[in-house]
Amino acid sequence: MVEHNNSLRWYDTTEKILDVFPFLEKYPIKNVAIHTHNGKQLYKGGVHLDAFQTCIDQSNVKLYYNGDITTVTKFKEMQDRFPTIDHWMIGRGLIADPFLPSMIKSNSVEYPRNKMKLFSEFHDTLYAGYSESLSGSTHILLKMHHLWEYFSVIFANPHKVAKNIRKSKSIRNYEQTVKEVIKADISNTNIGI
């Protein structure tokens with residue numbers, strides 16, 4: 001039972017990571033990516049920026065930042081907060097907004113004029129890949145419904161988009177809903193394909 005209790009403490013605190021650095025520094029590790037949520041949080045709640053700063057201050061290993069980079073503005077905030085960090089992991093921010101890396105790279109908050117055409121191609125590539133690798137329409141729909149929880153944020157009405165996608169219960173209905181959602185967003189935002 002003692003081991004179980006110790007593992008729980010590792011899981012729900014931010015301080016325990018500091019105990020790991022002396023072990024890591026014994027090996028020729030090039031870098032370590034630190035996800036700034038603790039294990040108990042998973043992806044809920046805020047990031048632990050002070051704890052990440054403590055890691056920077058107390059580690060000799062090159063660190064990468066990972067956690068809640070979802071916009072160009074958020075990325076700039078993290079760059080300003082951690083000027084010694086020069087590698088960043090975007091994670092779920094990339095799933096939610098496939099345009100984010102290029103916008104960060106170009107230091108722009110403007111989406112490309114053909115945003116929905118590019119998104120549609122991105123979606124179709126993912127959908128085709130999952131259709132080939134997953135077995136049965138239920139698995140495909142579950143995967144795509146989950147991805148749309150992230151995708152919906154780039155649309156004019158994200159809650160309505162996510163709700164409409166979740167309501168699609170067959171492959172045919174899903175495909176039609178996706179076409180309608182993309183077409184509606186193009187009409188609402190006047191972004192031409």
Side-chain angles (χ1 to χ4, degrees), residues 1-109 111 118-119 122-123 125-135 139-140 142-154:
M1 198 60 140
V2 172
E3 285 183 28
H4 179 69
N5 288 337
N6 284 339
S7 68
L8 283 178
R9 284 183 293 193
W10 277 80
Y11 187 69
D12 62 4
T13 68
T14 59
E15 297 80 23
K16 286 295 186 179
I17 192 171
L18 301 175
D19 296 339
V20 175
F21 289 134
F23 296 105
L24 295 177
E25 291 169 0
K26 292 179 183 180
Y27 300 96
I29 294 173
K30 186 174 178 182
N31 54 62
V32 174
I34 296 182
H35 184 68
T36 53
H37 290 97
N38 65 40
K40 187 174 185 178
Q41 284 179 285
L42 297 175
Y43 296 109
K44 295 175 175 59
V47 292
H48 298 281
L49 300 180
D50 292 337
F52 184 72
Q53 183 64 55
T54 302
C55 290
I56 293 170
D57 297 340
Q58 295 191 23
S59 175
N60 295 319
V61 175
K62 181 176 183 65
L63 301 179
Y64 291 8
Y65 176 90
N66 179 12
D68 291 1
I69 296 176
T70 55
T71 65
V72 174
T73 302
K74 191 65 164 176
F75 175 73
K76 288 178 182 178
E77 287 174 15
M78 295 300 102
Q79 270 189 317
D80 291 344
R81 172 93 189 246
F82 306 113
T84 61
I85 300 299
D86 60 1
H87 283 73
W88 306 86
M89 295 180 68
I90 297 176
R92 293 175 299 135
L94 173 62
I95 297 170
D97 188 348
F99 302 98
L100 184 58
S102 63
M103 291 167 66
I104 287 172
K105 189 173 182 178
S106 65
N107 195 26
S108 172
V109 294
Y111 282 95
L118 294 172
F119 173 79
F122 171 73
H123 166 272
T125 300
L126 283 175
Y127 180 60
Y130 284 128
S131 296
E132 290 174 15
S133 64
L134 297 175
S135 177
H139 292 117
I140 297 166
L142 285 173
K143 178 60 83 173
M144 297 311 296
H145 285 172
H146 179 68
L147 289 173
W148 275 93
E149 292 172 23
Y150 296 105
F151 293 160
S152 63
V153 301
I154 67 169

message = Using side-chain heavy atoms (C-beta onward) and a distance below 4.5 Å, is Phe99 in contact with Phe122?
response = no
message = As an exercise, state the distance from CD1 of Ile56 to NZ of Lys62, rounded to the nearest 0.5 Å.
response = 11.0 Å
ask   = Is there side-chain contact between Phe21 and Asn60, with heavy atoms separated by less than 4.5 Å?
value = no
ask   = Heavy-atom distance under 4.5 Å between the side chains of Ile104 and Ile69, does that happen here?
value = yes
request  = Mind checking the CG-OG spacing from Leu147 to Ser152? Nearest 0.5 Å is all I need.
outcome  = 11.0 Å
task = Given side chain to side chain contact (heavy atoms under 4.5 Å, CB included), test Tyr111 with Asp97 step by step and report yes or no.
result = CA-CA 10 Å; Tyr111 282 95; Asp97 188 348; 2.5 Å; yes
query = Just wondering, do Tyr65 and Leu49 contact through their side chains at under 4.5 Å, heavy atoms?
reply = yes
request  = Grab the two heavy atoms, one from Ile154 and one from Ala96, that are nearest each other, plus how far apart they are.
outcome  = CG2-O, 3.3 Å
inquiry  = Any non-hydrogen side-chain atom of Leu126 less than 4.5 Å from a side-chain atom of His123?
reply    = no
ask   = Could you walk me through whether Arg92 and Thr70 pass the side chain to side chain contact (heavy atoms under 4.5 Å, CB included) check?
value = CA-CA 8 Å; Arg92 293 175 299 135; Thr70 55; over 6 Å; no
task = Drop me the distance from Ile85's CD1 to Asn66's CG, to the nearest 0.5 angstrom.
result = 12.0 Å
ask   = Can you tell me how far CZ of Phe82 sits from CD of Glu77, rounded to the nearest 0.5 angstrom?
value = 11.0 Å
inquiry  = Is there a side chain to side chain contact (heavy atoms under 4.5 Å, CB included) between Ile140 and Tyr127? Walk through the geometry before answering.
reply    = CA-CA 8 Å; Ile140 297 166; Tyr127 180 60; 3.7 Å; yes
key: Separation between NE2 of His87 and CG of Leu63, rounded to the nearest 0.5 Å   = 12.0 Å
note = Output for pair (Gln79 CD, Lys74 NZ), nearest 0.5 Å, gives 13.5 Å
key: Close side-chain approach of Val72 and Leu100, heavy atoms under 4.5 Å   = yes
query = Is it true that Phe119 and Trp148 have ring centroids separated by less than 6.0 Å?
reply = yes
ask   = Side-chain contact, heavy-atom cut-off 4.5 Å: Met103 with Phe75?
value = no
message = Any non-hydrogen side-chain atom of Lys143 less than 4.5 Å from a side-chain atom of Leu134?
response = yes
